[in-house]
Visitor: 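Handing you a structure now.
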2 protein chains.
Amino acid sequence: MTLTAGRPPARYGSRPTMKDVASRAGVGLKTVSRVVNGEPGVTAGTRRRVQEAIDALGFRRNDSARVLRKGRTATVGLILEDLADPFYGPLSRAVEEVARAHDTLLINGSSAHDANRERELALALCARRVDGLLVVPAGTDHRYLEPEMRAGIATVFVDRPARAVEADTVLSDNHGGARAGVAHLIAHGHRRIGYIGDVPGIHTSDERLRGYRTAMEEAGLPVRPDRVSVGSTAPQRVRRAAEEMLDGPDPVTALLTGNNRVTVTVVRVLAERQPHRPVALVGFDDFELADLLRPAVTVVAQDPAGLGRVAAQRLFARMAQAELEPSVVELPTRLVVRGSGELPPVD
Amino acid sequence: MTLTAGRPPARYGSRPTMKDVASRAGVGLKTVSRVVNGEPGVTAGTRRRVQEAIDALGFRRNDSARVLRKGRTATVGLILEDLADPFYGPLSRAVEEVARAHDTLLINGSSAHDANRERELALALCARRVDGLLVVPAGTDHRYLEPEMRAGIATVFVDRPARAVEADTVLSDNHGGARAGVAHLIAHGHRRIGYIGDVPGIHTSDERLRGYRTAMEEAGLPVRPDRVSVGSTAPQRVRRAAEEMLDGPDPVTALLTGNNRVTVTVVRVLAERQPHRPVALVGFDDFELADLLRPAVTVVAQDPAGLGRVAAQRLFARMAQAELEPSVVELPTRLVVRGSGELPPVD
DNA sequence: TCCCTGCCTGACAACGATGTCCGCACTCTA
DNA sequence: TAGAGTGCGGACATCGTTGTCAGGCAGGGA
């Protein structure tokens, strides 16, 4: 009758608890806790007996219970857009190194470029009471995180700022990078330069477009609407945009591409047109093998590992001291000259 | 005095609990629980009052406490070697899709190719009581997971089998793939074929080497020790191995490379030697832009998304029914012909 | 008018671990 | 040898949530 009272209906497996260990070792509950946590105040003999019981039963501390009592999880979450995007690999790795140095577990999650999934994921991690959260925003409104941040979940935004929320942010110099890329093409004689970028409304996308405009205007060149195309990075969309700029009545002689996904597609389009006139190209984001393509691809390189490292450091600083003023850090980009950006203009 | 008794020393932030919501809404604790979990048996008016209190306080259910009570976390963990390796992107994404279909959160972690970190990470996830674990083994002995598996944590190994443990496993046909790759080179007239692979002892590495041997022996060709080099995938090591095979007294005319890291380095070495005689190449693992290199790289493609999908499905099957017999599934590979493997032998 | 059914609602115990505090046994010193 | 100090072990409350169960209240039938 009362034997099962209050017992969850279907316990999954069934693990030994400290109580089991204690009774097997013939000691008190708290003594087991002391052994498990390496606290002092236990004689060597007792410690050994407890350890034997732990091994025999296959005991492992239940961290949920521990968290409930202690209030901290020693866990931080990282939400990025797509684990398969090579840009995020080094970023995630850098965050992991910092977390590890703070004896903290890193949980990686992916929003798949979807604002709802980002939100779900972030809130699920909050419900699990991560101590901190690093977010590469996919959504456009992050007010849903305000109660969580007020409640003490340290939060840092990476690569893009949050909308409608004041918080620590670590960015790349998107405007300056794009501007430098276009200036480079102009310096090599190009005048008809096109820009193919990501969906407007995304911060990185908007800033890079702004950098393109700045460079064009500084050189006194017109920014023609038919030479700017922003939208999805899906290959078909990018392909069509590139073909329109290349085959129009007044074709571009050079292109700036807004991120590595776009660059790869454009490289493919240009390769297929081989016998045609060569078109100069500068890509935003470095990517593996860029140096082995012919021509090798000149890029504006970001420092994804740096983004991750700086953001993680900021996160831990905030976890240690919640009352810091929100800061925005912008990391420089670097033009890597490889050949594709140095092709002369050909009509 | 007793006011703070038992209170953790430093609660991080401080969140409202169901009790706070209950007293604000003027209802009982359990009623709040019912509203939060969408359980029936609450009138619309009460429900609304509770919801208002939740919103006003910024309440979010503490999943640690919930897990403690319910015994399941609705979370699975995926441990892979390196989040930055493009091979694992699609794998992780496929797992995430399956997990999502089961209303389960996926936690990604990386072992950084280190057996100790794999172990730490796996056990940390067990301590957090994930319901299931997908592991791409980095270590060579997985007995440490036996108590966990016995205790009910469903576990599936992906890409490589676990050592010394009987468990569900999903693999690629490494032997058959490598064999097909070498047979392809032989069919194009090559006789002096080298193999450069990953560290011996890793299952994938050993199987691919075995596939190389099989194909050579089937063609009656000798397997010479100076034409087989296995070890770290660090660029220097691979570079040296390649140069020795290419510059020796009896140089190879074709190479099979054991994974995408090795392939990329070898492509780089071959590119630097451009004016030299062309060397045929078949790489294990497909990689982005392989088709855009000149010559385009012929590869033995695995199906990383398939690995992830099948493994995740198996994991959920086992979570639903723990007494399944451990199974081993092997997914086929596919030879993708692009040019580099079809170069004729040149002395 | 009274009882009974059925629906809401809330009190309470329990999940597993940890912090506090008390008590015991021992050692060291006067 | 007694008193004080120290080291060690254990009882108990508590963290926030959910399952159980019983009580209260309204409405309908006798």
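Convention: sequence-line order gives letters A, B, ...; per-chain numbering from 1.
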Visitor: Counting heavy atoms from C-beta on, name the nucleotide in D:dT18, C:dG10, D:dT17 closest to the side chain of B:K70.
Guide: D:dT18
Visitor: So, under a plain 3.5 Å distance rule, would you say the side chain of A:R66 forms a donor-acceptor pair with the base of C:dG16?
Guide: no
Visitor: Distance check needed: D:dG9 P versus A:E39 CD, whole Å only.
Guide: 13 Å
Visitor: Given atom CG of B:L68 and atom P of D:dT14, what is their separation to the nearest angstrom?
Guide: 17 Å
Visitor: Are more than 12 heavy atoms from other residues, nucleotides or ligands located less than 6.0 Å from atom CD of A:E39?
Guide: yes
Visitor: For A:N62 and D:dT17, what is the distance between atoms CG and P respectively, to the nearest whole Å?
Guide: 16 Å
Visitor: Per the atom types in the model, does the base of D:dG16 pair as donor or acceptor with the side chain of A:R69 at under 3.5 Å?
Guide: no
Visitor: Record whether the side chain of B:K19 comes under 3.5 Å of the base of D:dG16 through a donor-acceptor pair of N or O atoms.
Guide: no
Visitor: Look at the side-chain N and O atoms of B:T43 and state whether any lies under 4.0 Å from the OP1 or OP2 oxygen of C:dT9.
Guide: yes
Visitor: Considering the options B:V27, B:T31, B:V35, which one meets the side-chain contact (heavy atoms from CB on, under 4.5 Å) requirement together with B:R47?
Guide: B:V35
Visitor: A:R128 CZ to D:dG16 C1': how many Å, rounded?
Guide: 15 Å
Visitor: Restricting to non-hydrogen atoms, name the atom on A:C126 and the atom on A:L133 that form the minimum distance, rounded to 0.1 Å.
Guide: SG-CD2, 4.1 Å
Visitor: Let me spell it out: for each of A:S64 and B:G28, pick the nucleotide of DNA chain C with the closest heavy atom. Which residue's pick is nearer the 5' end?
Guide: B:G28
Visitor: Can you see if the side chain of A:N37 gets near the phosphate of C:dT18 - specifically, an N or O under 4.0 Å from OP1 or OP2?
Guide: yes
Visitor: Any donor and acceptor pair, going by atom type alone, linking the side chain of B:D168 with main-chain N or O of B:S327 inside 3.5 Å?
Guide: yes
Visitor: From NZ of B:K30 over to C1' of D:dT20, roughly how many Å is that when rounded to an integer?
Guide: 8 Å
Visitor: Classify A:V42 by what it touches in the nucleic acid, base, sugar-phosphate, or nothing, heavy-atom distance under 4.0 Å.
Guide: sugar-phosphate
Visitor: Between B:S33 and D:dT17, is there a contact of a side-chain N or O with OP1 or OP2 at under 4.0 Å?
Guide: no
Visitor: Roughly how far, to the nearest 0.5 Å, is the OG atom of B:S110 from the CG atom of A:L83?
Guide: 11.0 Å
Visitor: Rounded off to whole Å, could you give me the CG-to-P distance for the B:L29 and C:dC12 pair?
Guide: 12 Å
Visitor: May I have the distance from B:R47 (atom CZ) to C:dC8 (atom C1'), rounded to whole angstrom?
Guide: 12 Å
Visitor: With a 3.5 Å cut-off and just heavy-atom distances, do the side chain of B:R34 and the base of D:dG19 make a donor-acceptor pair?
Guide: no
Visitor: Reckon B:V67 touches a base, only the sugar-phosphate, or nothing at all at heavy-atom distances under 4.0 Å?
Guide: nothing
Visitor: Between B:T31 and C:dG10, does any side-chain N or O lie under 4.0 Å from OP1 or OP2?
Guide: yes
Visitor: On the 0 to 90° scale, with breaks at 30° and 60°, tag the B:F157-B:H142 ring pair as parallel, tilted or perpendicular.
Guide: perpendicular
Visitor: Pick base, sugar-phosphate or nothing for A:T46, based on heavy-atom distances below 4.0 Å to the nucleic acid.
Guide: sugar-phosphate
Visitor: Write down the distance between CD1 (A:I54) and C1' (C:dA17), rounded to a whole number of angstrom.
Guide: 13 Å
